[in-house]
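Right, one structure below, let's go through it.
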Amino acid sequence: MTIRVRFAPSPTGYLHIGGARTALFNWLFARKNKGTFILRIEDTDEVRSTDESVGAIIKSMRWLGLDWDEGPEVGGSHEPYFQVQRKEKGIYQQYIEKLFEKGNAYRCYCTTEDLEEMRDKAKKEGKQPKYDRRCLSLTENDWKQNDAKGKPYVIRFKRPDEETITIPDIICGENGVTFDNNLLDDFVLVKSSGVPTYNFACVVDDIEMEITHVFRGNDHLSNTPKQVQLYKVLEKELPKFAHFSMILGSDGSRLSKRHGHTSVLEYRDEGYLPEALKNYLALLGWSTEDSQQIFEQDELIEKFSVERCSTSAAVFDPQKLLWMNGEYIRKKSASEITKRFFYFATKNAEIQEKIKGWDKSLVEKYIGVEQEKLKLLSDIPGRIDIFFVDNVEYEPEAVNKVLKKDTARMVLEESLKRLENQSDFGAEALEKYARDFAAEKNVGTGKVFHPLRVAVSGRTQGPSLFHMMELLGKDKVLKRINDCLNSCF
């Protein structure tokens, strides 16, 4: 059997973290099994589906590197499948005709008011609200009379008469999940607009695309019994199902905006690396036996297993993701991070303005000094801008905390004289100078290091002091010490 899986988002918003994890798990499964991964946009919600959302989903998938294998080819790459385009080809109509032939579809002319009345009646009687099948007995003659009056109708599915429906599920185990069929509705297959509903179009497309495995979040579990009944009535083989656990925020509630970013593109725009986000998403509800945390992509593909996905909800931890992103930044060369940073900057007007005129070769050199401390690409300007300014701005806190000390002025005045004669301006030689100076004056090294740092950077935090001085060069260091003496004392 050739493995065929799909990720089928509705374009009613951005690609959120939960959807991205579903896409990733399907992609990993396909790549591991040399199968086919399909992206299908389920755009049958005419009101909420937007081109903007479609664009956001495609951008997110491509940024994460989740490439798909089929679809209309445009410019050498595949576009996704779109359900609305498939409707225009008459694919869904063929299946509606089959369901009518089998007696498992019927027209329903009930109005919104009729449906509200049914719901209210069921609630008063303490019953599960559902459609009461009042249109099931309508004849073709009744249809003609209603059509002549211009009454709109939907097409409903006549669910089979069975006590329970059991859904086999790879994650839930052999017994799967069982539903009481009596609680299910004769759900709508086609809306009055002629557009197929999610549950119907989803099954038709999965059949037509020969999908072998349906992997999705367990928020879709309530749809599965309806879809399984459609498979059975159409006499089609069921795909293998797996429903991934929910992703929760740190407070145990469903992940939402109040927990931080939920959109993939927001993480891109903040300066996360796609490899780091992909690695972290893989660990939301899946793990290896040895609880490995960091994976190369090929290793992640090799080790991924749906059977090892947990039934327990995963908790999204922004701090762990931030840590992981820092780990990925440190794994890469300064050259690669520089390349990523400049591409990232093209998407951010504020950063683009800040780095205007920065020399890429110098940026790479300065990133090399700061790389161990970086957690996000967006950290870079604030970490290395000190190398590009002509005049240092002194943080008031740094001045009050460091330069107001009794020895600070003496340290800077003496250093200005001594460093002018310092022939070796390498980091090691500069550190030796500072330590020897502290010993000579019988003061702690901090009383030498800290004033020098504030004088050359204006801050108490930043790059390694002596590497920073080396990269700035003697002329800039001496100028900054002199400027500091003139403006801060």
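Only heavy atoms go into these numbers, but all of them, side chains included; no hydrogens, no water, no symmetry mates. Note that the structure is predicted; figures quoted are calculated from it, not measured.
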Axial cation check for F29 ring with K32, 6.0 Å and 45° limits: no

For a ring pair (Phe, Tyr, Trp, His ring centres under 6.0 Å) check, start with the C-alpha distance between Y198 and H220, then their side-chain angles and the critical distance, and finish with the verdict.
CA-CA 11 Å; Y198 162 73; H220 281 282; 5.7 Å; yes

In this structure, CZ of F295 is separated from CD of E275 (nearest 0.5 Å) by 15.0 Å

side-chain contact (heavy atoms from CB on, under 4.5 Å) test vs N181 passes for just one of T178, L184, L183, namely L184

*In terms of side-chain geometry, is the basic nitrogen of E101 or K98 positioned less than 4.0 Å from the acidic oxygen of its partner?*
no

Between M324 and D317, is there a side-chain heavy-atom distance shorter than 4.5 Å?
no

query: Salt bridge or not for K87 and E42, using N-O below 4.0 Å?
result: no

Check: When you check the gap from the basic side-chain N to the acidic O, do K303 and E299 get nearer than 4.0 Å?
Finding: yes

(Q) Salt bridge check, K121 against E125: does any charged N sit closer than 4.0 Å to a carboxylate O? (A) yes

Does Q229 use its side chain to pair, donor to acceptor, with the backbone of K226 at less than 3.5 Å?
no

**Prompt:** Backbone N or O of S291 within a donor-acceptor pair of the S287 side chain at under 3.5 Å?
**Reply:** no

Q.
E296 vs K331, test: salt bridge (Lys or Arg N to Asp or Glu O under 4.0 Å). Steps then yes/no.
A. CA-CA 11 Å; E296 295 295 334; K331 283 173 64 177; 3.0 Å; yes

### Query
Are the aromatic ring centres of F304 and W286 under 6.0 angstrom apart?
yes

Is a salt bridge present between K34 and D69, judged by a nitrogen-to-oxygen distance below 4.0 Å? no

Note to self: Determine whether a donor-acceptor pair (N or O, by modelled atom type, separation under 3.5 Å) exists between the side chain of D169 and the backbone of H243.
What the structure shows: yes

Can a donor-acceptor pair be found, under 3.5 Å and without considering hydrogens, that links the side chain of S378 to the backbone of E270? yes

Can R31 and D67 be counted as an ion pair, charged N to O under 4.0 angstrom? yes

All heavy atoms of P80 vs all of P72, minimum pair found to be O-CD, 3.6 Å

**Prompt:** Between W68 and H78, is there a donor-acceptor pair closer than 3.5 Å when you use the side chain of the first and the backbone of the second?
**Reply:** yes

**Asked** Can a cation-pi geometry be assigned to K278 and W27, taking NZ or CZ under 6.0 Å from the six-membered ring centre and within 45° of the ring axis?
**Response** yes

- Do any N or O atoms from the side chain of N26 and from the backbone of F215 form a donor-acceptor pair under 3.5 angstrom? yes

Review point. Aromatic rings Y272 and Y267: how do their planes relate, parallel, tilted or perpendicular, breaks at 30° and 60°?
Key: perpendicular

*What is the ring orientation for F157 with F187, classed by angle as parallel under 30°, tilted 30 to 60°, or perpendicular over 60°?*
tilted

Exercise for review: Please check if the side chain of T22 supplies one atom and the backbone of G18 the other of a donor-acceptor pair under 3.5 Å.
Suggested key: yes

Classify the ring geometry of F388 against W358: parallel below 30°, tilted from 30° to 60°, perpendicular beyond 60°. parallel

Quiz item: Do the ring planes of F241 and Y231 sit parallel (below 30°), tilted (30 to 60°) or perpendicular (above 60°)?
Solution: perpendicular

Result for salt bridge (Lys or Arg N to Asp or Glu O under 4.0 Å) between D186 and one of R156, R159, K130, R134 points to R159

Side-chain ion pair, D269 and K347, N-O less than 4.0 Å: no

Next item on the list: Determine whether the side chains of D185 and Q128 contain a donor N or O and an acceptor N or O closer than 3.5 Å.
Entry: no

Basic-acidic side-chain contact under 4.0 Å: D45, R48: yes

From the list R6, R4, R40, salt bridge (Lys or Arg N to Asp or Glu O under 4.0 Å) partner of E70 resolves to R4

Under 3.5 Å, side chain of N325 to main-chain N/O of L273, donor-acceptor pair present?
yes

Looking at D142 and K151, does any basic side-chain N land under 4.0 Å from a carboxylate oxygen? no

